[in-house]
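One structure below.
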Amino acid sequence: MTAQPAELRVGIIGTGNIGTAHAMSLTREVSGARVTCVFDADQARATAVAYQVGACVCSSVSALIECPDVDAVLIASPDDLHAEQALACLAAGRPTLLEKPLAPVLSDAEAVMAAEVALGRRLITLGFMRRFDPAYQQMKAQLDAGVVGEALIVRNLHRNTAAPYGLRSVGTLTNSAIHEMDINRWLLGQDYASVQVILPKPGPQTPPGEFDPLLVFFTTTSGAVVEIEAFANAWFGYEVACQVVGSRGQLDLGDGSLLIRTDERRRGVDLPELWLGRFGDAYRRELQAWVDCVRGLDDGQGAATVWDGLAATTAAQAAARALQSGSPEAIQMPKRPALYQ
Ligand code: ISE
């Protein structure tokens, strides 16, 4: 019998909402890994998480990346720190799970891709966890099998209870709707050709000069239309939905609720407040797949790469231009490096 590879020692950068959730999941649910180090600019927050998972607290990002008790790094820091931290992990040769987005700014995303291409091996996995959601996986399997014919229209709803990091329209695109920008590329197996943004009447909680909700319309290279309603301050709860209209049928992704409750002349479901309530299982599956891949037990197929991260940021930046211009914007993907073929 071949020996099991050693347990993966993971260092986590960022102990906010998702970083803490990953630390607990790696400690209590995922096999083959343990958290050995954590870092957060808020040292008290890092110390609290470290205590709960039996890890040490590093004094800096570089100390964590270089720590001899760390084999792989999970980056769950604020979006605008992702690129610099990913570059540091590449320089140290650390396998990395990088929470989305790769970077809000295209030039930063391109710099990470250039560094990974120069290294000649894929060390970074992007945390587009919906690819591990059982419902989205079933949807992709049926699309790939041609069950509903050719996809013509995809309608997406992405509603947050409250803007997670304060409402900025561009942030809604680069931080939130970027999930749809990735998952629709993955579902359809196509890139985007153009994008247009329509601005409904802003809701009452929308700061002056910002827009919420947003309606984003992509066309794909095959001519399909991908519509995204991105509503950061939806107030009534967290909801993600996806409907694919095909040439011979339709697929509707459920809202993830497990029960429909009927009581006195009312019937309904409970909506989660945050994304962990809807995608907890997807996050766990994503973490297990990443740990297995780094340990050599899985080929990592299906997980998002830096190329996917660049494609999503390219789409988000084009949508930001369309938001500003009020006109359709063309989208041109760069040549795909051999590392990502
Ligand atoms: C957050 O960062 C996530 O990734 C959630 O999945 C998304 O729904 C939310 O809008 C983002 O802010």
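Treat the numbers as computed from the prediction; the structure is a model and nothing was measured. All ligand and atom numbering here is 1-based and tracks the order in the structure.
Closest heavy-atom contact between Thr15 and Asp40: N-OD2, 2.7 Å.
Residue pairs meeting the salt bridge (charged side-chain N to carboxylate O under 4.0 Å, His left out) criterion with at least one member in residues 299-316, sequence neighbours excluded, are Arg131-Asp308, Arg185-Asp308. Counting only residues at least two apart or on different chains, the salt bridge (charged side-chain N to carboxylate O under 4.0 Å, His left out) pairs with a member in residues 10-33 are Glu29-Arg284. Within the structure, the ring pair (Phe, Tyr, Trp, His ring centres under 6.0 Å) test picks out no pair touching residues 296-325 (sequence neighbours left out).
Note on Arg159 versus Glu229: salt bridge recorded, some NZ/NE/NH1/NH2 to OD/OE distance being below 4.0 Å. A salt bridge is defined here as a Lys NZ or Arg NE, NH1 or NH2 lying under 4.0 Å from an Asp or Glu carboxylate O, and Lys100 with Asp79 fails to meet this definition.
The immediate protein surroundings of ligand 1, defined as residues with any heavy atom under 4.0 Å of it, consist of Lys100, Met129, His158, Asn160, Pro164, Tyr165, Asn175, Ser176, His179, Tyr238, Trp275.
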